[in-house]
Peer 1: 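Below you'll find the structure I mean.
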Protein chains: 2
Amino acid sequence: MSFARVAVIGLGLLGGSVARAVHAHLPDAMTTGFDADPAVRERAREIGLANFVPETVAEAVTGADLVVLCVPVGAMATAGAAILPHLAPGVIVTDVGSSKASVAKALAEVLPGISVIPAHPVAGTEQSGPDAGFAALFRNRWCIVTPPAGADEAEVARVMAFWEALGARVETMDAEHHDRVLAVTSHLPHLIAYTIVGTASDLEEVTQSEVIKYSAGGFRDFTRIAASDPTMWRDVFLSNREAVLEMLQRFSEDLTELQKAIRKGDGAMLFDTFTRTRAIRRSIIEMGQDDARPDFGRSHT
Amino acid sequence: MSFARVAVIGLGLLGGSVARAVHAHLPDAMTTGFDADPAVRERAREIGLANFVPETVAEAVTGADLVVLCVPVGAMATAGAAILPHLAPGVIVTDVGSSKASVAKALAEVLPGISVIPAHPVAGTEQSGPDAGFAALFRNRWCIVTPPAGADEAEVARVMAFWEALGARVETMDAEHHDRVLAVTSHLPHLIAYTIVGTASDLEEVTQSEVIKYSAGGFRDFTRIAASDPTMWRDVFLSNREAVLEMLQRFSEDLTELQKAIRKGDGAMLFDTFTRTRAIRRSIIEMGQDDARPDFGRSHT
C-alpha cells in the first residue's frame with residue numbers, strides 16, 4: 001500500500017530529489033515540503049518542488065502518512081521534536097541521514113510512540129540547495145533501510161516499497177553495521193578528499209593557480225566530493241565518530257606502509273599494491289554503480 | 001617549423017594518443033611507432049595507430065626529426081640508450097614522463113650530444129594499452145615543458161608548438177618545480193587513492209560486496225585513478241620520491257588535525273575546513289579543467 005501524502009522536511013539536494021522522484025514515480029501521492037530557511041521555501045514554491053510548501057512545519061506534516069526527514073543528521077532531533085505534535089495517527093517517519101545509529105536513537109527519543117523506520121539512500125552529487133535535486137538521483141542506487149528492533153514488518157515493507165518505487169535497490173541492515181560500511185565507502189573518502197584539497201591550498205612553494213591548472217593529473221577527482229555540503233558532513237563525522245576513527249586508523253597504517261616502500265625504493269611492493277586495486281573498479285562498473293566510460297565519461301571537447 | 005617525421009616510442013595510452021593527435025592535427029607529418037611488446041606492435045598495426053610500426057626501434061627512429069618517448073619513467077634510460085645509435089642529425093628527443101628531474105638526468109646521460117627537451121602533458125585516463133588512446137586527450141589540458149639549462153631556444157619553441165598543435169596549453173617550468181607541483185596535483189592523489197582502495201579490500205567486518213554496492217557514497221570516485229597502470233605509477237613514486245614523501249608528510253599532518261577534531265567533537269573546526277575547499281573546485285571548473293556538470297557528468301539513467 002503506497003502513501004497518499006508524503007511530507008518532505010528539508011528541501012536540499014536529497015529532499016528536492018525525493019519530492020521530484022515522488023512526482024515522477026508515484027503520481028497519485030500528494031507532496032508537501034518544508035525547509036527551516038524561508039529563502040529555500042520561497043525557491044521551492046517557484047520551481048514547484050512540492051505540491052504545497054507551507055510556512056510552518058506543522059502544516060507540512062498534518063495529514064501526511066509518510067514523513068521523510070531530509071535535514072543534516074545533527075538537526076534530526078530538532079526536526080523530530082518539531083513535527084511530533086502535528087503527526088497523524090498511523091504515520092511512518094523515515095529519514096535519509098548518512099549515519100544511522102545516532103539518528104535512530106535521536107528520533108526514537110523525540111518521537112515516542114511513533115513508527116520510525118530510518119533509511120539511507122546511498123546517492124548524491126556535490127551540489128546542494130533546492131535547485132540541486134532531480135528525480136533520477138536514486139535510480140539504480142542502493143537504499144539501506146535500518147529497521148529498529150521490534151519494528152512492524154508491514155511498515156518496514158512499505159518503506160522499502162517506497163524506495164523501490166523511486167528507482168532504488170533496497171537492502172536492510174542493522175544500524176551499527178550500516179555505520180561501519182558507510183564509514184569506509186563514504187565517510188572516510190570524504191574526509192580524505194577534504195584533507196588533500198586543504199593540504200594543496202596551504203602549500204607555500206606551489207601556488208593555488210598551479211594546483212588548479214594541473215589538477216587534471218588526478219587532484220580534480222578529489223575536489224568533487226570535497227565540494228559537498230559542509231554542514232551535512234560536519235554532522236556525519238560527529239555522529240559516526242567511532243567507525244570513522246577506526247577506518248581512518250586502518251587507512252593511516254596502510255598509507256604508512258606505502259610511505260615506507262617509497263622511502264626504501266621497494267618497487268615490488270608498490271607494483272603489487274597497485275595491481276590489486278584494479279579489480280574493485282571493474283566490479284563496481286559491472287554492478288552498475290559507476291559509469292564505464294573512461295574518465296567517468298567526462299567531456300573531452 | 002613543424003616536424004616531418006614523428007617517432008612515438010611506447011604505444012600505450014599516452015603514445016597512442018600522441019600518434020592519433022598528430023594524425024588529427026598535423027596531417028603532413030608521418031608517424032612511426034614502436035613498443036617493446038610484440039603483441040602491442042601487432043595491435044597497433046591492426047588499428048593503424050601509426051603510419052609505420054616496424055619490428056625494431058632502430059627502424060622506428062631512423063630519419064625522425066622528433067622522437068617522443070612514451071614509456072614508463074623507469075624505462076626511459078633503456079629506451080634512450082636503444083635509440084641513440086639510430087638518431088638522425090638535428091633530431092629532438094622529448095618524452096611524456098610524469099616526473100621530470102630524474103628523467104631529464106637519465107636521458108642526458110644516455111643521449112650525449114642529442115637535444116633532449118623533456119615535457120609532461122598533464123592528461124590521461126584510467127585506461128591503458130594501445131586501444132586506450134584518443135586524439136582529443138590533450139585538448140585544453142596543460143603540457144609542461146621543462147627545458148634543461150642551456151637548451152636551444154628555437155628547439156624549445158618547436159616542442160612547445162608541437163604540443164600546442166596537439167591541442168594543449170603549454171607552460172615551461174624547471175624540472176624540480178614541476179616535480180613538486182605534480183607531487184601534489186597528481187602523485188599524492190594517486191597514492192591516496194591506491195591506499196584507500198587497498199584498505200577497503202582488506203576489511204574483515206565489511207565485505208568486498210558491500211564496498212562495491214555502496215561505493216556511490218564517495219568511494220567509487222577514488223577507484224578510477226586507482227585503476228591506473230601499475231608499472232607507470234610504481235616508476236613515478238620511485239623517481240619522484242623526495243617530493244612525494246614531503247607532500248605525504250604534509251597531508252598526514254593535516255589528516256591528524258581532522259582526526260583530532262573528530263575525536264574531540266570540534267564541529268566548528270570541521271565546518272571551517274569543509275567550507276574552504278569548495279572554492280578550489282569552482283576555480284578548476286572555471287579554468288576548463290573539469291566537467292561542470294554534477295557528478296562529473298556521470299550518467300544517471
Side-chain angles (χ1 to χ4, degrees), chain A residues 122 125 127 136 141-142 181 184-186 189-190 194-195 197-200 206 210-221 223 225-227 230 233-234 237-238 241 248 250-251 254-255 259 262 267 270-271 273-275 277-278 280-281 283-284 287 289-291 294-296 298-300, chain B residues 122 125 127 136 141-142 181 184-186 189-190 194-195 197-200 206 210-221 223 225-227 230 233-234 237-238 241 248 250-251 254-255 258 262 267 270-271 273-275 277-278 280-281 283-284 287 289-291 294-296 298-300:
Chain A
V122 185
T125 77
Q127 311 280 307
R141 295 282 90 83
W142 290 86
V181 172
V184 67
T185 63
S186 179
H190 277 77
Y194 278 123
T195 304
V197 176
T199 303
V206 177
E210 287 174 324
V211 168
I212 290 160
K213 280 163 80 172
Y214 309 121
S215 60
F219 179 74
R220 62 179 180 163
D221 282 32
T223 62
I225 62 177
W233 283 98
R234 175 198 64 196
F237 294 116
L238 296 179
R241 190 185 310 202
L248 183 53
R250 287 164 183 258
F251 169 80
D254 292 343
L255 191 59
Q259 186 176 18
I262 293 172
L270 295 176
F271 184 82
T273 305
F274 301 168
T275 305
T277 47
R278 283 190 149 176
I280 284 206
R281 179 154 187 87
S283 304
I284 287 173
M287 283 277 288
Q289 297 304 301
D290 207 346
D291 205 311
D295 219 4
F296 301 124
R298 277 176 174 127
S299 163
H300 279 272
Chain B
V122 185
T125 77
Q127 312 280 308
R141 295 283 88 84
W142 290 87
V181 172
V184 68
T185 63
S186 179
H190 277 79
Y194 278 123
T195 304
V197 176
T199 304
V206 176
E210 287 173 324
V211 168
I212 291 159
K213 281 162 80 172
Y214 309 121
S215 60
F219 179 75
R220 62 178 178 162
D221 282 32
T223 62
I225 62 177
W233 283 96
R234 176 199 62 198
F237 293 117
L238 296 179
R241 192 185 309 203
L248 182 53
R250 287 164 183 257
F251 169 79
D254 292 343
L255 191 59
L258 279 175
I262 293 172
L270 296 176
F271 183 82
T273 306
F274 301 168
T275 305
T277 47
R278 282 189 149 177
I280 285 207
R281 180 158 186 83
S283 304
I284 287 173
M287 281 277 289
Q289 296 304 301
D290 207 346
D291 204 311
D295 218 4
F296 301 124
R298 278 175 175 128
S299 163
H300 277 272

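Below, chain A is the first sequence line, B the second, and so on; all start at residue 1. Quick caveat, the model's predicted, so the values are computed rather than measured. Hydrogens, waters and symmetry mates play no part in the numbers below; they use all other heavy atoms, side chains included.
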Peer 1: Run the side-chain contact (heavy atoms from CB on, under 4.5 Å) check on B:Leu255 and A:Thr195 step by step: do they pass?
Peer 2: CA-CA 6 Å; B:Leu255 191 59; A:Thr195 304; 3.4 Å; yes
Peer 1: Nearest 0.5 Å, what's the CD-NZ distance between A:Gln289 and B:Lys213?
Peer 2: 9.5 Å
Peer 1: For a quick test of reading the model, state the closest non-hydrogen atom pair linking A:Ser186 to B:Gly217 and the distance between them.
Peer 2: OG-O, 2.8 Å
Peer 1: Of all of A:Gly218, A:Pro294, A:Ala216, A:Gly267, which one pairs up most often with chain B through heavy atoms under 4.5 Å apart?
Peer 2: A:Pro294
Peer 1: Does A:Ala227 offer a backbone N or O that forms a donor-acceptor pair with the side chain of B:Arg278 under 3.5 Å?
Peer 2: yes
Peer 1: If you measure from CZ on B:Phe296 to CZ on A:Arg298, what distance do you get to the nearest 0.5 Å?
Peer 2: 4.5 Å
Peer 1: Looking at A:Val122, A:Val206, A:Asp290, A:Leu238, which has the largest count of heavy-atom pairs under 4.5 Å with chain B?
Peer 2: A:Asp290
Peer 1: OG1/A:Thr185 to CZ/B:Arg220 distance, rounded to the nearest 0.5 angstrom?
Peer 2: 11.0 Å
Peer 1: Could you look at A:Leu248 and say if it's the side chain, the backbone, both or neither that has a heavy atom under 4.5 Å from chain B?
Peer 2: side chain
Peer 1: Output the option from A:Met287, A:Glu210, A:His190 having the highest count of non-hydrogen pairs under 4.5 Å with chain B.
Peer 2: A:Glu210
Peer 1: Does any backbone or side-chain atom of A:Arg141 lie under 4.5 Å from a heavy atom of chain B? Answer side chain, backbone, both or neither.
Peer 2: side chain
Peer 1: What distance do B:Ser299 atom OG and A:Asp291 atom CG have between them, rounded to the nearest 0.5 Å?
Peer 2: 5.5 Å
Peer 1: Using 30° and 60° as the class boundaries, would you call the ring planes of A:Tyr214 and B:Trp142 parallel, tilted or perpendicular?
Peer 2: perpendicular
Peer 1: Which bit of B:Ile262 comes within less than 4.5 Å of chain A, counting heavy atoms only: side chain, backbone, both or neither?
Peer 2: both
Peer 1: Among A:Tyr194, A:Phe237, A:Phe219, A:Trp233, which residue has the highest count of heavy-atom pairs closer than 4.5 Å to chain B?
Peer 2: A:Tyr194
Peer 1: Looking at A:Val184, A:Val211, A:Leu270, A:Val181, which has the largest count of heavy-atom pairs under 4.5 Å with chain B?
Peer 2: A:Val181
Peer 1: Side chain, backbone, both or neither: which part of A:Gln259 has a non-hydrogen atom closer than 4.5 Å to chain B?
Peer 2: both
Peer 1: Most heavy-atom pairs under 4.5 angstrom with chain B, which of A:Thr275, A:Asp254, A:Ile225, A:Thr125?
Peer 2: A:Asp254
Peer 1: Taking the side chain as everything from C-beta on, heavy atoms only, tell me whether A:Thr277 gets closer than 4.5 Å to B:Thr223.
Peer 2: no
